[in-house]
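Throughout, residue positions are numbered sequentially from 1 according to the sequence presented. As the structure lists them, so they are numbered: ligands from 1, and atoms in each ligand from 1.
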Amino acid sequence: MAKEIVIPDIGDFDSVEVIEVLVEAGDTIAAEDSLISVESDKATMEIPAPEAGVVVEVNVAVGDQVSQGSLIMLLEPSGDAPAETTAATPETATTPVASKPAAPASQPVAPPPQHRLSPTAKIDEISFSRAYASPSVRKFARELGVDLGRVAGSGRKGRVIKDDIKVFVKQALTQGTGGGGLAVAPMPEIDFSQWGDIETQKLSKINKLTGKFLHRNWVTLPHVTQFDEADITELDALRKSMAAEYKDKGIKITMLAFLIKAVVAGLRELPRFNASLDASGENLILKHYFNIGIAVDTPDGLVVPVVRDADSKSLVDIAAELGDISQKARDKKLKPADMQGGCMTISSLGGIGGTQFTPIVNAPEVAILGVSRHKMTPVWTGENFEPRLMLPLSLSYDHRVVDGADGARFTRFMGRVLADANGLVK
Ligand code: CAO
């Protein structure tokens, strides 16, 4: 004979909302399996089965308001021993499993909302209830505070399985910044050979390492990229004459050396660019030294050696040092210390080409200057067009530290100092 299963004594709640129905007619359930989830404004709890059996009929739906004694379902008992309950409740009542200590819970299932892991911060109950998953997986998701509706299912017909929740949590932990994290669907595993010939290459150690940092910086820093142009007509003439002068000394006077000096001037002019947020994100650490990182492309991947104390070095000293460090980078001779302590990075792609790009800030620095290929351009002087050599600048910055106005001021300032290159030689 079917037994009526009703809401047991649930402490001081007299009307709570059903947020999830975890079983349906025909299901075979064991004692203590969760039947429904209910939620008051203070806690979420699951109502477990008082004994094993087969569900004959479910009498509640998501959104219903229920209280002690409300009928949940009819159950055909299987005759297995009923679950032990300490609650002094009617025969058919069950012991709710609640997150609220005041409730007569046997085992806590969901931690209090404020202790939930934060891939989700807040669970969207509608999408949670619509997710395709078994009761045990739902229970597991609730234990971890995971919003099931945001987990991509890899089971049959997209069913969410326990492993999907583990992957989701792992991703949230590696991508999260303490500010809520970022939940993205896992990348599907695809066999590309189904469409043609393939080969698999192992990523280099540098590729893997820089990939991790670039990914972290891309998803955790609010990036803005400011584009601008600098007139380097006179700078290029000066560079060429200096290059001829220093060629015999084995020093290559490059554009990059001028850019380093210009960035130092920019950091002096706008000190918020020479700063890092501390780990708490509450304080800005302003630096009084001027170490400039240079992105160097090597066969094994990208490395960023640092030119230290660039403010106290002449343009020629910097040019000589650049020759050394880019060679060291390509010969894999850089030491970890050679790549630490940067204040701001320059990524120069001008020798390769391109008009603009959006470099990724090399955190904990707050800005990076991207440089593209210069171009002779007709520029209107007010009376006529003049051919001017224009250098495209792409300044990406961390918008938590640098305002848009300062972003534009920085590139404008770069424009001014690069146009007056004599001032950068000392
Ligand atoms: N526009 C046009 N030509 C440029 C230029 C520019 N902005 N900058 C350099 N060039 C030319 C130079 O004149 C030189 O030409 P010649 O060989 O005819 O003299 C050639 O490009 C090489 O320049 P260079 O020797 O001065 O070297 P560089 O400053 O261009 O590059 C380095 C040095 C280490 C930055 C570079 O080798 C490199 O690795 N660049 C890639 C950086 C990178 O991968 N960034 C991506 C990071 S992702 O954020």
Ion pair Asp300/Lys332, N-O distance below 4.0 Å: yes
Subset of ligand 1 atoms that lie under 4.0 Å from at least one heavy atom of Asp297: 38 (C), 39 (O), 41 (C), 44 (O)
Protein contact to atom 6 (C) of ligand 1 [nearest heavy atom, distance to 0.1 Å]: Gly350 CA, 3.4 Å
Within-cutoff protein neighbour (heavy atom, under 4.0 Å) for atom 25 (O) of ligand 1: yes
Atom indices of ligand 1, in the order listed, that fall short of 4.0 Å to a heavy atom of Leu256: 29 (O), 35 (C)
Aromatic contact, Phe213 with His215 (centres under 6.0 Å): no
Nearest-contact summary for atom 20 (C) of ligand 1 - protein heavy atom, Å: Gly351 CA, 4.3 Å
Region of Leu349 that comes within reach of ligand 1 [heavy atoms, distance under 4.0 Å]: side chain
Beyond-backbone contact of Leu267 with Leu270, side-chain heavy atoms, under 4.5 angstrom: no
Closest heavy-atom pair and its distance - Trp218, His223: CA-CE1, 4.1 Å
Proximal atoms of ligand 1 relative to Leu302 (non-hydrogen, under 4.0 Å): 43 (C), 44 (O), 47 (C)
Heavy-atom check, side chain of Cys343 versus side chain of Phe273, under 4.5 Å: no
Proximity to ligand 1 by part of Met390, non-hydrogen separation under 4.0 Å: neither
Nearest protein heavy atom with distance in Å, relative to atom 27 (O) of ligand 1: Thr254 CG2, 4.9 Å
Numbered atoms of ligand 1 (with element) below 4.0 Å of Leu391, judged on heavy atoms: 7 (N)
Polar atom proximity, Arg330 to ligand 1 (N or O, under 3.5 Å): yes
Distance-only polar pair, side chains of Thr355 and Ser372, donor-acceptor under 3.5 Å: no
Per-atom contacts of ligand 1 with Ser348, taking only distances under 4.0 Å to non-hydrogen atoms: 40 (N), 41 (C), 42 (C)
Exercise check, heavy-atom protein proximity under 4.0 Å to atom 18 (O) of ligand 1: no
Protein contact of atom 46 (C) of ligand 1 - nearest heavy atom, named by residue and atom, plus distance: Ser347 OG, 3.1 Å
CZ/Arg400: more than 12 non-hydrogen atoms of other groups inside 6.0 Å: yes
Atom 16 (P) of ligand 1 [closest protein heavy-atom partner, distance rounded to 0.1 Å]: Lys252 NZ, 4.6 Å
Side chain, backbone, both or neither: Ala329 near ligand 1, heavy atoms under 4.0 Å: neither
